Amino acid sequence: MENKARERELLLSWEKGAVLPREFYCRDTVQVARELLGQVLVYHSPRGVAGGVIVETEAYLQGDPACHASRGQTPRNRVMFGPAGHAYIYFIYGMHYCFNIVTAAIGVGEAVLIRALEPLCGIELMQERRRRSDLRQLCRGPACLVQALGLDRSLNGAPVYKPPLLVYRGLAVSAENIVVTTRIGIKEGAGLPLRFYLRGSRFVSRP
DNA sequence: ATGATGATTAACT
DNA sequence: GTTAATCATCATG
């Protein structure tokens with residue numbers, strides 16, 4: 001398997017790396033969105049561990065019409081206004097969940113949407129949850145990765161720097177390996193260069 | 001109380 | 001490229 005060697009390499013970097021500290025997220029949201037590429041998102045679910053390398057992100061900013069927080073605080077978006085480094089998980093289209101990490105200072109409603117992962121661990125479990133065996137179809141898309149990892153509403157507001165949700169430091173990504181483009185699935189604020197993905201990754205939701 | 005809508009996905013043509 | 005699936009959330013009355 002060509003994937004085996006790759007998986008081993010990634011798993012090694014994950015095991016050696018440290019968990020990204022809370023402070024990592026208390027910064028400029030675009031910067032965090034870029035730097036999250038290459039890091040490893042892991043969820044220790046009751047059924048087992050699953051996770052992968054973050055290969056695609058989107059930034060949602062204050063004053064950005066596409067941002068859930070742009071029209072003030074509501075019960076749904078309240079965790080966006082809370083401390084950085086916590087999960088903002090919301091329900092959409094009557095059947096899907098999306099996973100974000102809150103960024104910036106308290107009171108500033110900004111976050112990074114995680115749009116795709118390169119599967120790394122818990123692959124059999126993810127294949128079962130997704131009812132698909134193809135690695136490329138496991139975590140390709142924001143709602144897909146949530147389903148693959150087994151995330152749900154109960155994790156809304158949970159920190160991502162301690163169990164059961166963890167983001168580990170992975171491989172560093174240079175600026176030339178980050179593609180900057182427009183976000184997907186929004187009406188207002190389309191056209192803003194706030195989507196980021198790993199150049200050449202076959203695991204992004206859309207090139 | 002009601003109605004419009006959505007940071008999607010899978011399965012079509 | 002098009003569309004059905006499916007409902008919590010929010011603005012409005």
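Below, read A as the first sequence line, B as the second, and so on, with proteins coming before strands; counting in each chain starts at 1. Small disclaimer: the values here were computed from a predicted structure and weren't measured.
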Query - For DNA chain B, the residues among residues 137-159 of chain A that have a non-hydrogen atom under 4.0 Å from it - result: A:Gly141, A:Pro142, A:Ala143, A:Cys144
Report task. Would you jot down, in residue-number order, the residues of residues 80-99 of chain A having a non-hydrogen atom under 4.0 Å from DNA chain B? Result -> A:Met80, A:Tyr90, A:Ile92, A:Tyr93, A:Gly94, A:His96, A:Cys98
Query raised in the report: For DNA chain B, which ranges pair as stems of 3 or more consecutive Watson-Crick or G-U pairs, with both donor-acceptor distances under 3.5 Å?
Result: B:1-6 with C:7-12, B:8-12 with C:1-5
Query raised in the report: Among side-chain atoms of A:Ser205 and A:Glu56, is any donor-acceptor pair under 3.5 angstrom?
Result: yes
Report task. Can you sort out the partners of A:Arg47 under side-chain hydrogen bond (donor to acceptor under 3.5 Å, both in side chains), two or more places apart, ordered by chain and number? Result -> A:Glu128
Query raised in the report: Which residues satisfy the side-chain hydrogen bond (donor to acceptor under 3.5 Å, both in side chains) test with A:Arg27, sequence neighbours excluded?
Result: A:Glu35
Just checking [X]: base, sugar-phosphate only, or nothing, at a heavy-atom cut-off of under 4.0 Å?
{"X": "A:Arg130", "value": "sugar-phosphate"}
{"X": "A:Arg206", "value": "nothing"}
{"X": "A:Leu113", "value": "base"}

Query raised in the report: At what distance, to the nearest 0.5 angstrom, does CG of A:Asn100 lie from NE2 of A:His68?
Result: 8.0 Å
**Report entry** A:Phe24: partners by ring-ring contact (aromatic ring centres under 6.0 Å, His included), with sequence neighbours left out
**Finding:** none
Report summary line: What residues 69-79 of chain A contributes to the DNA chain C interface at heavy-atom separation below 4.0 Å is A:Thr74, A:Pro75, A:Arg76
Can I get a per-line list of side-chain donor-acceptor pairs under 3.5 Å for residues 133-144 of chain A, giving both atom names and the distance, sequence neighbours left out?
unit_1: A:Asp134; atom_1: OD1; unit_2: A:Arg136; atom_2: N; d: 3.0
unit_1: A:Arg136; atom_1: NE; unit_2: A:Arg202; atom_2: O; d: 3.1
unit_1: A:Arg140; atom_1: NE; unit_2: A:Val204; atom_2: O; d: 3.0

Query - Qualifying ring pair (Phe, Tyr, Trp, His ring centres under 6.0 Å) pairs, either residue in residues 94-121 of chain A, two or more places apart - result: A:Phe91-A:Tyr97
Could you go through residues 154-162 of chain A and list every donor-acceptor pair under 3.5 Å that involves a side-chain atom there, pairing it with any protein atom two or more places apart or in another chain?
unit_1: A:Ser154; atom_1: OG; unit_2: A:Asp152; atom_2: OD1; d: 2.5
unit_1: A:Asn156; atom_1: OD1; unit_2: A:Ile89; atom_2: N; d: 2.9
unit_1: A:Tyr161; atom_1: OH; unit_2: A:His86; atom_2: NE2; d: 3.4

Query raised in the report: Taking the six-membered ring of A:Tyr90, is NZ or CZ of A:Arg76 closer than 6.0 Å to its centre and within 45° of its axis?
Result: yes
Requested in this report: With the side chain counted from C-beta on, respond yes when A:Tyr60 and A:Ser70 share a heavy-atom pair under 4.5 Å apart, and no when they do not.
Outcome: no
**Report entry** Outermost nucleotides of DNA chain C that come under 4.0 Å of a non-hydrogen atom of chain A
**Finding:** C:dA5 to C:dC10
Report summary line: At a 4.0 Å cut-off to heavy atoms of chain A, the contacted part of DNA chain B spans B:dG6 to B:dA11
